[in-house]
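Have a look at the structure below, then the notes.
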Amino acid sequence: MELVEEAPYRFRIERRDTMRVPGVVFASRALIPDVGEDRSLEQVANVATLPGIVGASYAMPDVHWGYGFPIGGVAATDVDAGGVVSPGGVGFDISCGVRLLAADLHRDDLPRVREALMDGLDAAIPRGMGRGSVWHLTDRAELDAVLRAGSRYAVERGHGVPRDLDRCEDYGAVGDADPAQVSDRAVQRGQGQVGSLGSGNHFLEVQAVDEVHDERVAAAFGLRAGQVCVMIHCGSRGLGHQICTDYVRTMERTMPRDGIQVPDRQLACAPVDSAEGRAYLAAMAAAANYARANRQLLTEAARRIFARVTGGGLDLVYDVSHNLAKIETHRVDGVERRLCVHRKGATRALPPGHADLPADLCPAGQPALIPGSMGTASYVLTGVAGAPAFASTCHGAGRTRSRKQATKTVRGQDLRRELESRGIAVRGASWRGLAEETPEAYKDVTEVVEVAEGAGLCRRVARLVPLGVVKG
DNA sequence: ATGTTC
């Protein structure tokens with residue numbers, strides 16, 4: 001795989017064979033995946049063959065290997081020129097994302113309540129494979145309401161306050177969700193999981209603002225140095241997973257009919273403007289709403305514990321997905337075009353002044369929330385004007401070693417002891433799950449966000465450090 | 001990521 005450095009932190013994969021556009025990798029030399037261990041750059045090139053793709057097949061600095069598309073990939077297709085949508089370009093965990101809450105508590109006041117807080121959260125936050133949820137929905141009609149209206153429905157039912165919705169991407173619910181496009185099996189899997197973290201890299205952390213990079217923007221986001229925060233990272237659980245599985249199968253069948261050939265069957269896709277494309281987007285939107293309701297219910301669970309232990313509240317800073325396809329209008333070669341922007345392990349980062357931002361965030365830009373690996377920093381970023389890659393940036397640290405490799409480097413018990421010795425309280429779900437998430441298996445998130453900023457994708461606003469982790 | 005292989 002030949003990479004040409006065409007600008008600082010920007011490498012090009014030249015067009016060849018059936019690639020319709022070049023690949024563009026935003027990275028430092030150190031962050032470029034090792035070709036011997038990770039085939040994600042080959043995946044960047046594969047994505048460039050998709051019908052209707054415009055600009056380039058992009059990779060963020062945290063890129064690593066994924067299903068079909070790389071994780072940390074951005075690809076936009078032209079809806080009105082036969083552009084396709086691909087479930088693998090969104091990922092199995094549809095609308096997996098991050099929510100940040102700001103507590104009215106200073107980190108100096110945390111130690112005296114920390115153990116009570118962590119024990120409360122340990123009991124209140126359902127997590128791990130299967131294993132319970134805050135909200136148990138008994139009938140399909142109620143789940144359909146979640147699928148149609150996401151956080152809006154949760155707030156309507158008393159799980160949150162209207163202001164929360166102003167701080168959610170899409171004001172808490174994606175339009176055009178259609179529960180009828182969601183299979184019965186997906187519904188069955190999702191019924192008992194609204195308000196649960198799941199497993200893998202999902203977590204709820206108690207954090208503190210450790211450094212503010214941009215005072216003005218941080219203030220607009222409601223953040224100041226020393227402030228205690230809560231970060232929630234989770235997705236659409238079994239429901240989103242089943243929807244992805246269902247539509248990959250459907251599109252594997254319809255691709256020959258549509259005359260679409262792809263270099264990897266995991267790139268199964270259909271024209272956005274086709275029955276299958278529309279059905280997938282409607283089901284994907286339903287899963288996106290499910291994921292938002294999931295984060296809203298976990299927010300309420302955390303709020304109950306904070307109220308009981310500290311007497312204080314948690315204000316929503318923002319909630320943003322990093323696994324989603326969206327129909328957006330962007331200017332391409334001087335012309336406004338309707339694009340299907342796939343962001344898989346990539347975060348939308350709207351620039352200041354964007355019309356989709358609520359009025360009070362508009363001068364600052366959209367918060368992009370970047371969780372680090374366990375025990376390391378997380379970041380709040382904001383969008384910048386004129387950025388490449390359709391207003392997208394990185395989504396996290398990015399894996400460098402598989403889960404299995406990770407478990408060979410450390411035992412969960414030892415990792416917990418190490419984190420506790422560094423002042424980070426740990427409430428895990430399983431020892432194995434903890435070991436799989438050792439920071440040794442990830443890139444350095446600080447390097448990732450520095451490169452993302454250097455590449456002109458975003459600006460850093462604040463760095464958060466973990467004080468307690470409730471691990472999925 | 002995931003009832004970690006319908």
Side-chain angles (χ1 to χ4, degrees), chain A residues 38 40 43 62-73 86-99 126-133 136-137 143 182-194 196-204 232-250 252-253 265-266 268 283-284 286-288 290-292 294-295 298 321-325 342-347 371 373-374 395-408 412 428-437 441-442 471-472:
Chain A
D38 176 306
S40 58
Q43 294 185 313
D62 50 337
V63 68
H64 58 110
W65 180 88
Y67 181 90
F69 284 58
I71 296 164
S86 174
V90 171
F92 277 86
D93 194 1
I94 297 169
S95 209
C96 179
V98 183
R99 173 176 281 224
R127 59 198 191 275
M129 268 293 187
R131 295 216 237 161
S133 59
H136 300 272
L137 301 182
L143 188 74
V182 177
S183 68
D184 289 340
R185 183 182 281 190
V187 166
Q188 278 161 19
R189 291 179 67 174
Q191 207 110 40
Q193 298 185 318
V194 188
S196 63
L197 281 181
S199 61
N201 61 1
H202 292 163
F203 64 76
L204 180 150
I232 298 170
H233 177 207
C234 64
S236 53
R237 306 293 327 275
L239 180 126
H241 192 278
Q242 189 62 47
I243 289 171
C244 184
T245 303
D246 292 340
Y247 282 93
V248 164
R249 278 190 199 142
T250 298
E252 278 175 348
R253 275 203 325 271
R265 63 181 296 186
Q266 295 184 350
M284 181 211 69
Y290 182 96
R292 285 133 203 253
N294 189 16
R295 292 191 283 272
L298 290 171
S321 168
H322 48 233
N323 279 4
L324 206 61
H342 301 72
R343 295 186 184 90
K344 179 189 190 178
T347 313
S373 54
M374 190 169 51
H395 88 302
R399 240 183 211 285
T400 54
R401 289 185 201 169
S402 70
R403 296 184 185 288
K404 193 167 181 178
Q405 281 177 305
T407 58
K408 288 177 187 166
S430 74
W431 292 121
R432 190 200 165 120
L434 213 57
E436 285 177 351
E437 292 302 312
Y442 284 87
K471 196 74 196 76

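Both backbone and side-chain heavy atoms feed into the values below; hydrogens, waters and symmetry mates do not. Keep in mind that what you see is a predicted model, and the values were worked out from it rather than measured. Residue numbers begin at 1 in each chain, while the letters A, B, ... track the order of the sequences.
For the OP1/OP2 pair of B:dA1 and a distance below 4.0 Å, the side-chain nitrogens and oxygens of A:Asn323 include no atom meeting the criterion. OP1 or OP2 of B:dA1 lies within a sub-4.0 Å distance of a side-chain N or O belonging to A:Arg403. For A:Arg185 and B:dG3, the shortest distance from a side-chain N or O to OP1 or OP2 is not below 4.0 Å. In this model, the phosphate group of B:dT2 is approached by a side-chain N or O of A:Ser199 to a distance below 4.0 Å at OP1 or OP2. Proximity of A:Arg189 to the phosphate of B:dT2: no side-chain N or O atom is located under 4.0 Å from OP1 or OP2. Phosphate contact (OP1/OP2 of B:dG3, side-chain N/O of A:Gln193, threshold under 4.0 Å): present.
Computed from coordinates, the A:Arg432 CZ to B:dA1 P distance equals 13 Å when rounded to whole Å. The distance between atom CZ of A:Phe92 and atom C1' of B:dG3, rounded to the nearest whole Å, is 15 Å. Between A:Leu197 atom CG and B:dA1 atom P there is a gap of 12 Å when expressed in whole angstrom units. Rounding to whole angstrom units, NE2 of residue A:His241 and C1' of B:dG3 are separated by 10 Å. Taking atom CD1 on A:Ile71 and atom P on B:dT2, their separation rounds to 13 Å, with Å as the unit. In this structure, NE2 of A:His64 is placed 8 Å from P of B:dA1, rounded to the nearest angstrom. The NE2 atom of A:His202 sits 14 Å away from the C1' atom of B:dT4 (whole-angstrom rounding). For the pair A:Glu436 CD and B:dT2 C1', the computed distance is 12 Å after rounding to whole Å.
Between the A:Tyr67 side chain and the A:Phe92 main chain, no donor and acceptor come within less than 3.5 Å of each other.
For A:Arg432, the CZ atom sits in a loose shell: 12 or fewer heavy atoms of surrounding residues, nucleotides or ligands are nearer than 6.0 Å.
With DNA chain B read from its 5' end, the first of the two nearest nucleotides for A:Gly200 and A:Met129 is the one closest to A:Gly200.
Among the protein residues, A:Glu437 comes within range of the sugar-phosphate backbone only, with heavy atoms under 4.0 Å from sugar or phosphate atoms but none that close to a base. In this structure, A:Gly238 reaches the sugar-phosphate backbone alone: every heavy-atom distance under 4.0 Å involves primed, P, OP1 or OP2 atoms, never a base.
In this structure, a donor-acceptor pair under 3.5 Å is absent between the side chains of A:Asp184 and A:Gln188.
The pair A:Glu437-A:Arg403 meets the salt-bridge criterion, since a charged nitrogen lies less than 4.0 angstrom from a carboxylate oxygen.
Remark: aromatic rings of A:His395 and A:His233 are distant, center separation not under 6.0 Å.
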